[in-house]
Amino acid sequence: MVINLILRIQSGIPGLDQITADSKTGMGGIPENTATLVYGPPKVGKSIFCYQFMHGGLSLDEPCLYVLTDYGIKQLQQNTSDFGWELDNYIEKEMLYIVDAISSISGTKIINTENFSSSSVHNPTDIMVKLGVGTRYISQRSPRFRSILDSLTTLFAFNQELLIVRVLTAYIMRIREAGGTALITYTEGSADVKVETMLKAVVDNVIKLDGEYLTIEAMVGCGQKKAPYKITNEGIIIE
Amino acid sequence: MKKTHIPKLDDLLGGGVPAGSSIMFCANPGVDCEAFGYQMLNGLVKEGERGFIFTNVAEPDSIIYEFDSYGWDIVSAIENENVFFVDGSSSFIGAPSNAKYSFTDYSETEDVVLKAINDIPDGIAVINNLSTIIDYMGDLETVEIVKKWNKAAKENNTTIIYIFTEWDYEDSMVKKLKSSVDCVVELKTIEERVIVGQGFMVAGASWTEPLDTMILFFVIQPGGVKVYIPKILVTGPYNAGKSSFVKAISTKSVSVDRKAVGAFPTTIAMDIGHLDYKGFFADIFGTPGQERFDLILDVLSKEAVGAFIIIDSTAPQTFARAKEMIRKTRAEAIPKIIVANKQDLEGALSPDEIRDKMKLSKDIPIVPAVITEGKGTQECLDALLKLLYGD
């Protein structure tokens with residue numbers, strides 16, 4: 001008998017690992033070394049999902065590569081601090097590598113450090129260069145890591161849509177080969193319907209958030225699932 | 001001839017790039033390719049040439065900042081009107097532009113660049129980035145635009161440099177693009193799970209028969225594109241044949257073991273060699289095999305881009321040690337070849353048996369060899385170059 005055991009990593013979201021649990025093994029969570037698209041309308045908790053996924057990993061000593069296109073590093077630190085998750089410590093411990101592709105657009109010149117690179121949402125070539133450095137940095141620390149791209153929406157706003165699908169393909173390939181598990185967010189309706197279909201085709205798992213329900217539209221080794229959720233001061237909780 | 005101002009590249013190109021020709025730096029996503037165009041422009045402007053940068057990926061201010069980070073002064077060239085920008089970026093992020101040319105609609109790209117080319121006869125044009133144009137204008141249209149620019153450049157004796165990030169485009173389109181320029185320089189990554197090195201290679205040039213060699217480089221600020229002699233590691237258990245292997249593949253080699261008393265005052269036991277094979281240069285570092293020297297494995301293996309793991313095919317009891325050395329030299333994370341030495345001896349296991357016993361993935365080549373007779377060493381080098389160069 002061939003057993004196709006899909007390794008899963010804890011999502012960091014209370015309740016999500018239970019509803020994704022495999023009926024045979026009882027294991028739940030996000031399938032390791034895959035790419036997951038989290039999408040939905042604005043203000044439903046997509047970025048919060050990212051913070052929890054990142055923090056869940058960091059607390060298990062899984063480093064994280066974070067590509068910021070919607071908000072800069074300052075905002076990320078502020079937003080996560082609101083939930084009581086302080087990033088400074090992890091940055092210092094070299095558990096986080098951040099590519100900030102938005103702060104430079106507002107004219108802020110930030111000095112690059114060993115685990116922080118500034119890039120530009122308008123220059124995908126440069127983002128990929130920084131990502132290459134970042135994956136090397138992170139994978140030297142741990143063979144298992146997480147990678148977050150929040151979000152595609154801004155990339156679509158600044159670039160031709162097809163180009164971003166190509167960039168996403170290259171991004172996912174790079175993270176997968178390095179052994180990482182990728183999470184990508186996208187605001188529904190910000191690109192053409194055809195492009196949305198292409199996005200769903202290049203990822204492995206698709207999760208939709210609509211403000212009331214979290215729907216797993218597709219996930220390796222798991223059927224479709226739907227559950228209500230709420231956003232609390234501890235982040236998203238599946239009810 | 002115009003110098004490229006990229007170290008080693010002029011040698012590969014027979015001295016440089018003829019004025020009025022077109023050169024494309026074609027990069028795998030993840031390779032620092034912009035520096036190539038900027039460095040070439042900077043070098044030529046310093047020699048008194050005029051030029052412009054067409055950008056659709058960064059605003060002129062960011063590019064000036066980048067030049068400054070490399071330690072290159074472009075500001076005075078802009079003030080002297082020797083360099084100007086064609087700004088296809090600012091308006092798309094809602095920023096004002098004070099460039100000589102700027103536009104708000106992609107359809108203007110072709111004409112604006114043509115105008116700019118005509119402004120700088122005998123000068124240098126940098127187009128960054130061609131891939132952004134493709135998705136806006138369409139595949140075939142972009143090929144046509146490139147041909148028109150090249151024609152205008154030739155008439156004006158303007159040298160035109162394209163930066164092209166090769167995302168997953170249709171092969172046929174990429175071929176057409178590459179064949180529409182005079183010279184293609186491929187910028188590649190050396191990967192084993194992650195990028196461990198970057199190299200450039202001339203794929204073709206209309207004026208010369210280029211050497212089929214990859215030159216490894218990194219990009220630093222300040223400084224720009226710097227080439228380096230890569231380090232190749234030779235490791236494996238005690239008495240597997242590492243020193244003989246280093247000697248066999250090197251043009252010159254020194255065993256620090258033997259020199260320990262003379263040239264080197266301490267007892268750092270290692271072999272050093274220099275490889276010059278089919279134009280590929282590398283320093284070879286042979287590690288000691290005995291466990292008491294394991295302390296220096298970490299130091300020796302730093303920044304290596306490839307490794308040969310030498311094993312004694314007749315001694316399966318040492319295979320666990322070989323795997324341990326792969327781990328200790330961090331060779332899991334770089335391209336590597338297993339050299340199955342001593343194939344001439346009785347009881348030597350075949351590569352398949354070795355793969356099975358060592359539980360090695362099938363992606364790792366295992367090359368049978370008899371190092372003392374020079375058998376298999378060339379195959380080992382070819383196998384490593386194949387891994388490093390990619391397809």
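It should be emphasised that the depicted structure is a prediction, and the values quoted were computed from it without experimental measurement. Naming convention: chains lettered A, B, ... in sequence-line order (proteins, then strands); numbering from 1 in each chain.
Across L162(A), L163(A), T169(A), V165(A), a single residue satisfies side-chain contact (heavy atoms from CB on, under 4.5 Å) together with W167(B), and that is L163(A). With T125(A) as reference, T165(B) is the one residue of T132(B), T165(B), D32(B), N128(B) to meet the side chain to side chain donor-acceptor pair (under 3.5 Å) rule.
Of all heavy-atom pairs between H122(A) and S89(B), the closest is ND1-OG, 2.9 Å. Heavy-atom minimum distance, R193(B) versus P143(A): NH2-O, 4.0 Å. Minimum interatomic distance between F158(A) and F92(B) (heavy atoms only, all atoms of both residues): CD2-O, 4.0 Å.
The environment of N98(B) atom CG is sparse: at most 12 non-hydrogen atoms of other residues, nucleotides or ligands sit within 6.0 angstrom. Other residues, nucleotides and ligands contribute at most 12 non-hydrogen atoms within 6.0 Å of the CD atom of Q10(A).
Remark: side-chain polar atoms of Q160(A) are paired, donor with acceptor, to backbone N or O of D135(B) under 3.5 angstrom. Here the side chain of R174(A) pairs a donor or acceptor atom with the backbone of P29(B) at under 3.5 angstrom.
The pair R166(A)-E166(B) does not meet the salt-bridge criterion, since no charged nitrogen lies less than 4.0 angstrom from a carboxylate oxygen.
Between chain B and the options G132(A), P124(A), G179(A), the largest number of non-hydrogen pairs under 4.5 Å is found for P124(A). Of the listed residues (T189(B), D61(B), N56(B)), the one with the most heavy-atom contacts under 4.5 Å to chain A is N56(B). When each of V196(B), I163(B), T55(B) is scored by its heavy-atom pairs under 4.5 Å with chain A, the top score falls to V196(B).
Proximity to chain A (any heavy atom under 4.5 Å) is shown, for E192(B), by neither the backbone nor the side chain. In this structure, chain A has heavy atoms under 4.5 Å from both the backbone and the side chain of D168(B). Contact of E59(B) with chain A is made through the side chain alone, with heavy-atom distances under 4.5 Å. Residue contact with chain A, scored on non-hydrogen atoms closer than 4.5 Å, is absent for Y106(B). At a 4.5 Å heavy-atom cutoff, V121(A) makes no contact with chain B through either its backbone or its side chain. Using a 4.5 Å cut-off between heavy atoms, N159(A) touches chain B through its backbone atoms (N, CA, C, O) alone. The contact between A178(A) and chain B is made by backbone and side chain atoms together, counting heavy-atom distances below 4.5 Å.
Looking only at side-chain heavy atoms (C-beta outward), I105(A) and I93(B) come within less than 4.5 Å of each other. Looking only at side-chain heavy atoms (C-beta outward), Q140(A) and V194(B) stay at 4.5 Å or farther from each other.
Going from atom OG of S118(A) over to atom OH of Y65(B) covers 7.5 Å, rounded to the nearest 0.5 Å.
N123(A) and E34(B) share a side-chain donor-acceptor pair at under 3.5 Å.
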